[in-house]
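Reading through the structure tokens given below for one structure.
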Number of protein chains: 2
Amino acid sequence: MDRLNLLSFSPFRLNRLATEFSQALAADYARFGIDIPEWRVLATLGQHDDPRSAAYVVRCTRTHKSRISRAVSHLIELGLVERLEGGDDRREIMLRLTATGRATYAELVPILRAREDALLSGFSEAQKRDFERLLGVLEESLGLVRDREG
Amino acid sequence: MDRLNLLSFSPFRLNRLATEFSQALAADYARFGIDIPEWRVLATLGQHDDPRSAAYVVRCTRTHKSRISRAVSHLIELGLVERLEGGDDRREIMLRLTATGRATYAELVPILRAREDALLSGFSEAQKRDFERLLGVLEESLGLVRDREG
DNA sequence: CGTTGTTTGTTGCGCTTGCAACTTTATGTA
DNA sequence: TACATAAAGTTGCAAGCGCAACAAACAACG
């Protein structure tokens, strides 16, 4: 009988790793009162100086629009993001970081980089490059082609 | 100002890949009326001929016991799993697949293997080996050492 | 025996999530 | 103009989740 070892089954392993990774990072976000989808909004807006629409954030983060909508609401409550009304298309609501939001972003980025480094610390430099490349291949074959704009 | 590209941030990429992987597989489980945690129970019990306790399933799958408890209840409703009472330790409830459960397992395994192959189809054979190895290193450094029993 | 602490498994509860329906605005067609 | 269609965001709702509290069964010790 053909049996399958769950612990060597790639989807399971990948899922477990991603969960652990995320939980490790969640502790860092939590210090600023935000969670994962909120961090994603912050990260997307933080990459640009000009305002971006919620739809743009949805595309970049590949996160459902209802989640983004709620994340944005919370970030506005926290004073990290502001809505800019009065654009060409009045359906779109342009978003950008406030001064506090930019400060939070600037504070968070090095912390997250350090966490990433720690998580990848078991890799040699060559393995890090391999890892990046393999992730790229997987993304490619899953149709998650990376948006250079993001 | 130090900026971080979300799309090249490993935790984000890993999370997205794991989500996509899982969703692709969820379609396969759904045909049998089960979801991811239920599949994990099925997979764990299917690996062994002798019954195992719920605690054993919890350890192998690294899934919260409340989730496992509910998954088991549903699998019993579906007639795929049965409880064996009357063991030495009456707190433990030994679990094993029913005939239907074994048939479902036998039917599901090749489907899932095919799905895994499809997902890894972008890799060369050498890259597949690299991928396995790199996952192992990450698991090691995250303390998710693989239980050989699983 | 009794008492205290530990382990197994279940369940109540609050929170988060994604889906779908909805509002509002823009676009296309006549 | 009128009308249908599409897109951007929001929100109601039901399902899923983990946490913590819990009951039941064991273990250790006096």
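Naming convention: chains lettered A, B, ... in sequence-line order (proteins, then strands); numbering from 1 in each chain.
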Residue list, side chain to side chain contact (heavy atoms under 4.5 Å, CB included) with [X], at least two apart or on another chain:
| X | result |
| --- | --- |
| Ala126(A) | Ser124(A), Arg129(A) |
| Leu119(B) | Leu142(A), Phe21(B), Arg115(B) |
| Lys65(A) | Val58(A) |

Integer-rounded Å distance: [N] [atom2] and [X] [atom1]:
| X | N | atom1 | atom2 | result |
| --- | --- | --- | --- | --- |
| Gln23(B) | dG18(C) | CD | P | 9 Å |
| Arg52(B) | dG9(C) | CZ | C1' | 19 Å |
| Tyr56(B) | dG9(C) | OH | C1' | 18 Å |

Are there any protein N/O atoms within less than 3.5 Å of an N/O atom in nucleotides 10-14 of chain C, and if so, which ones and at what distance?
unit_1	atom_1	unit_2	atom_2	d
dT10(C)	OP1	Arg83(B)	NH1	2.5
dT10(C)	OP2	Ser69(B)	OG	2.7
dT10(C)	O5'	Ser69(B)	OG	3.3
dG12(C)	N7	Arg70(B)	NH2	3.4
dG12(C)	O6	Arg70(B)	NH2	2.9

Checklist entry - Which residue lies toward the 5' end of DNA chain D, Ile36(B) or Met94(A), if each is placed at its nearest nucleotide? => result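 In this pair, the answer is Met94(A).
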Donor-acceptor contacts, no H, no angles, side chain residues 104-114 of chain A, under 3.5 Å, sequence neighbours left out:
unit_1	atom_1	unit_2	atom_2	d
Thr104(A)	OG1	Thr100(A)	O	2.9
Tyr105(A)	OH	Leu4(B)	N	2.9
Arg113(A)	NE	Asp2(B)	OD2	3.3
Arg113(A)	NH2	Asp2(B)	OD1	3.1
Arg113(A)	NH2	Arg3(B)	O	2.6

Checklist entry - Under the ring-ring contact (aromatic ring centres under 6.0 Å, His included) test, which residues partner Phe32(B), sequence neighbours left out? => result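 With sequence neighbours excluded, Phe32(B) shows a ring-ring contact (aromatic ring centres under 6.0 Å, His included) to no residue whatsoever.
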Next on the checklist: Using a 4.0 Å cut-off to any heavy atom of chain A, which nucleotides of DNA chain D are the first and last in contact, reading 5' to 3'?
Outcome noted: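 First and last nucleotides in contact are dA6(D) to dC13(D).
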Item to check | Nearest-neighbour nucleotide for the Arg91(A) side chain, dA26(C), dG9(C), dT7(C) considered | outcome: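 My answer, after comparing the listed nucleotides, is dA26(C).
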Next on the checklist: For residues 68-81 of chain A, which residue pairs pass the side-chain hydrogen bond (donor to acceptor under 3.5 Å, both in side chains) check, not counting sequence neighbours?
Outcome noted: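 Non-adjacent pairs meeting side-chain hydrogen bond (donor to acceptor under 3.5 Å, both in side chains): Glu38(A)-His74(A).
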Next on the checklist: Taking the six-membered ring of Tyr56(B) as reference, does the cationic atom of Arg59(B) (NZ for Lys, CZ for Arg) lie under 6.0 Å from its centre and within 45° of its axis?
Outcome noted: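 Pair Arg59(B)/Tyr56(B) does not count as cation-pi.
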Item to check | Given DNA chain C, 5'-ward residue of the pair Asp89(B) and Arg90(A), judged by closest heavy atom | outcome: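 Comparing both residues, the 5'-ward one is Asp89(B).
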Item to check | Residues which pass side-chain hydrogen bond (donor to acceptor under 3.5 Å, both in side chains) with Arg67(A), listed by chain and number, not counting sequence neighbours | outcome: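 In terms of side-chain hydrogen bond (donor to acceptor under 3.5 Å, both in side chains), with neighbours along the sequence ignored, Arg67(A) is linked to no residue.
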